[in-house]
Undergrad: 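Once you've had a glance at the structure underneath, I'll fire off some questions.
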Amino acid sequence: MDRARRQRVLALLPVCLALAFSLTAVGSSYWCEGTRRVAKPLCQDHPGVLHCIHYSSGSRDNGTQAVQYIWEMGDDKFTWRRFHLGLWQSCEESLGSAGEKCRSFQSIIPAEEQGVLWLCIGAEVLNILLTLTSAILLGSRVSYHSSGFHWLKVDASVAILMVLAGLLAMVAHMMYTTVFQITVNIGPEDWKPQTWDYGWSYCLAWGSFALCMVASVTATSRYTAARLELAEKKSVRKGSQLSQHNFQEPKSSEGVWETEAAPSPAGCALVNISEHLPSDAEGKVSMC
């Protein structure tokens, strides 16, 4: 692989990484993680466990006569369940089973924040489309290289597309953060987390933003360097043309003095140079 092709592959690498990070982050549900405090299930769901007494005063078949005694107080009556959520859904551990129980994230957030969430999703989708377009352009630059094609326009387009993708990603992440924090404060009581933090999907999303900006700066640098190189070549070409023009043989001067010889004694000749002398001077010189 020659040097120019290797440079084009290296320029394509951050764009592909940004696209992969964005797709992974949008499709996953680990933007935020934390724990929720939920009440422990009734003793009738788990008879015979510690701190529970299952006492029946009537027949075994008559469940209405069952009496349950629980002497756990304070925080002992609650248990902790881990949860994680993304753009689309929120999932948490299920008590008594190894699976997870998931529900839509849109059903959790307040009604006035629904539009902000949809704007966030739209910005993320536009970010992916712009990054994909840039990857296609740079991929064509790697696979097919021709000196006759205007690759400068490709670099300029990639620089603009990637900076737009980065700005959209930044706005989308900030909107999601705002929606999540508002939901934590005024969301439904059966969902509010006790502790929470940002997950690996959130880190991937911001990593995609950083890679978009790196790709934009790299494309701008390539475009600037190529433009300067073209301008230098044009100036060198013009200089060589001017030097060739200046070294051409000059034409003979047309302002030669007109001489007019006249007979004079002693073998001398009188030459008329009146056109090249002051008006008060005589215009004939004796030449022997």
Side-chain angles (χ1 to χ4, degrees), residues 13-41 78-135 162 164-215:
L13 182 60
V15 180
C16 292
L17 286 177
L19 180 61
F21 284 4
S22 295
L23 289 173
T24 305
V26 170
S28 62
S29 60
Y30 285 87
W31 285 61
C32 297
E33 299 176 278
T35 55
R36 289 181 56 246
R37 191 179 71 166
V38 296
K40 289 183 178 179
F78 299 94
T79 185
W80 300 92
R81 285 196 289 184
R82 295 189 58 82
F83 77 96
H84 58 87
L85 75 157
L87 290 174
W88 311 102
Q89 61 182 1
S90 173
C91 300
E92 63 182 17
E93 297 175 342
S94 297
L95 292 177
S97 62
E100 291 182 337
K101 181 177 62 176
C102 298
R103 53 177 168 172
S104 175
F105 183 51
Q106 298 177 6
S107 63
I108 299 173
I109 64 175
E112 57 271 14
E113 300 298 328
Q114 295 281 344
V116 180
L117 180 62
W118 279 112
L119 286 176
C120 171
I121 295 175
E124 291 287 353
V125 173
L126 284 178
N127 166 40
I128 292 175
L129 291 178
L130 291 177
T131 308
L132 178 61
T133 304
S134 301
M162 291 306 294
L164 289 177
L167 292 176
L168 284 172
M170 180 185 66
V171 172
H173 305 342
M174 294 176 66
M175 286 191 295
Y176 180 84
T177 304
T178 303
V179 170
F180 174 75
Q181 291 180 354
I182 291 176
T183 307
V184 168
N185 294 327
I186 61 175
E189 292 295 333
D190 61 343
W191 178 85
K192 281 186 177 181
Q194 193 73 13
T195 60
W196 61 272
D197 199 356
Y198 297 108
W200 58 266
S201 299
Y202 191 78
C203 297
L204 280 183
W206 280 108
S208 174
F209 159 74
L211 288 172
C212 287
M213 304 311 293
V214 168

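These values consider heavy atoms only, across backbone and side chains, with no hydrogens, waters or symmetry-generated copies.
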Undergrad: Could you measure the distance from the CH2 atom of W88 to the OG atom of S29? Nearest 0.5 Å is fine.
TA: 12.5 Å
Undergrad: For C91, check side chain to side chain contact (heavy atoms under 4.5 Å, CB included) against everything at least two apart and list the hits.
TA: H84, Q89, E100, C102
Undergrad: Keeping the roles fixed (side chain from S28, backbone from A25), state whether a donor-acceptor pair exists under 3.5 Å.
TA: yes
Undergrad: Give me the atom names and distance for the closest heavy-atom approach of F83 to T195.
TA: CE2-O, 4.0 Å
Undergrad: Indicate yes or no: at least one non-hydrogen side-chain atom of L130 is less than 4.5 angstrom from one of M162.
TA: no
Undergrad: How far apart are the C-alpha atoms of W80 and Q194, what are their side-chain angles, what is the distance that settles it, and do they pass the side chain to side chain contact (heavy atoms under 4.5 Å, CB included) test?
TA: CA-CA 9 Å; W80 300 92; Q194 193 73 13; 3.3 Å; yes
Undergrad: Write out all pairs satisfying side-chain hydrogen bond (donor to acceptor under 3.5 Å, both in side chains) with one or both partners inside residues 108-121, taking only residues at least two apart or from two chains.
TA: none
Undergrad: Which pair of non-hydrogen atoms, one from L211 and one from P14, has the smallest distance, and what is that distance?
TA: CB-O, 3.8 Å
Undergrad: Roughly how far, to the nearest 0.5 Å, is the OG atom of S208 from the CG atom of L19?
TA: 8.0 Å
Undergrad: Hey, could you give me the CD1/OG distance between I109 and S90, rounded to the nearest 0.5 Å?
TA: 11.5 Å
Undergrad: Which residues satisfy the salt bridge (charged side-chain N to carboxylate O under 4.0 Å, His left out) test with D197, sequence neighbours excluded?
TA: none
Undergrad: Taking the six-membered ring for Trp, are W200 and Y198 closer than 6.0 Å centroid to centroid?
TA: no
Undergrad: Where the side chain of T24 meets the backbone of F21, is there a donor-acceptor pair that is under 3.5 Å apart?
TA: no
Undergrad: Would a distance-only check, ignoring hydrogens and angles, find a side-chain to backbone donor-acceptor pair under 3.5 Å from Y176 to G86?
TA: yes
Undergrad: Looking at residues at least two apart in the chain, or sitting in another chain, which of them share a side chain to side chain contact (heavy atoms under 4.5 Å, CB included) with K101?
TA: R81, E92, S94
Undergrad: Find the distance between CH2 (W191) and OG (S107) and round it off to the nearest 0.5 Å.
TA: 10.5 Å
Undergrad: Which atom names give the shortest non-hydrogen contact between A123 and A172, and what distance separates them?
TA: CB-CB, 3.7 Å
Undergrad: For the aromatic rings, using the six-membered ring if either is Trp, is the centroid distance between W196 and F180 under 6.0 Å?
TA: yes
Undergrad: For T183 and P110, work out which heavy atoms get closest and say how close.
TA: OG1-CD, 3.6 Å
Undergrad: Less than 4.5 Å apart, side chain to side chain, heavy atoms only: is that true for I108 and R103?
TA: yes
Undergrad: Kindly give the heavy-atom pair with the smallest separation between F105 and L87, and that separation in Å.
TA: CD2-O, 4.0 Å
Undergrad: Could you pull out all residues at least two apart from A169 that satisfy side chain to side chain contact (heavy atoms under 4.5 Å, CB included)?
TA: N127, H173, F209
Undergrad: Just to verify, what does E33 make a salt bridge (charged side-chain N to carboxylate O under 4.0 Å, His left out) with, not counting sequence neighbours?
TA: none
Undergrad: Return the CE to CG distance between M213 and L167, rounded to the nearest 0.5 Å.
TA: 5.5 Å
Undergrad: Could you tell me whether a side-chain N or O of R36 sits under 3.5 Å from a main-chain N or O of D190, the two making a donor and an acceptor?
TA: yes
Undergrad: Could you grab the distance from atom OG1 of T131 to atom CG of L164, nearest 0.5 Å is fine?
TA: 10.5 Å
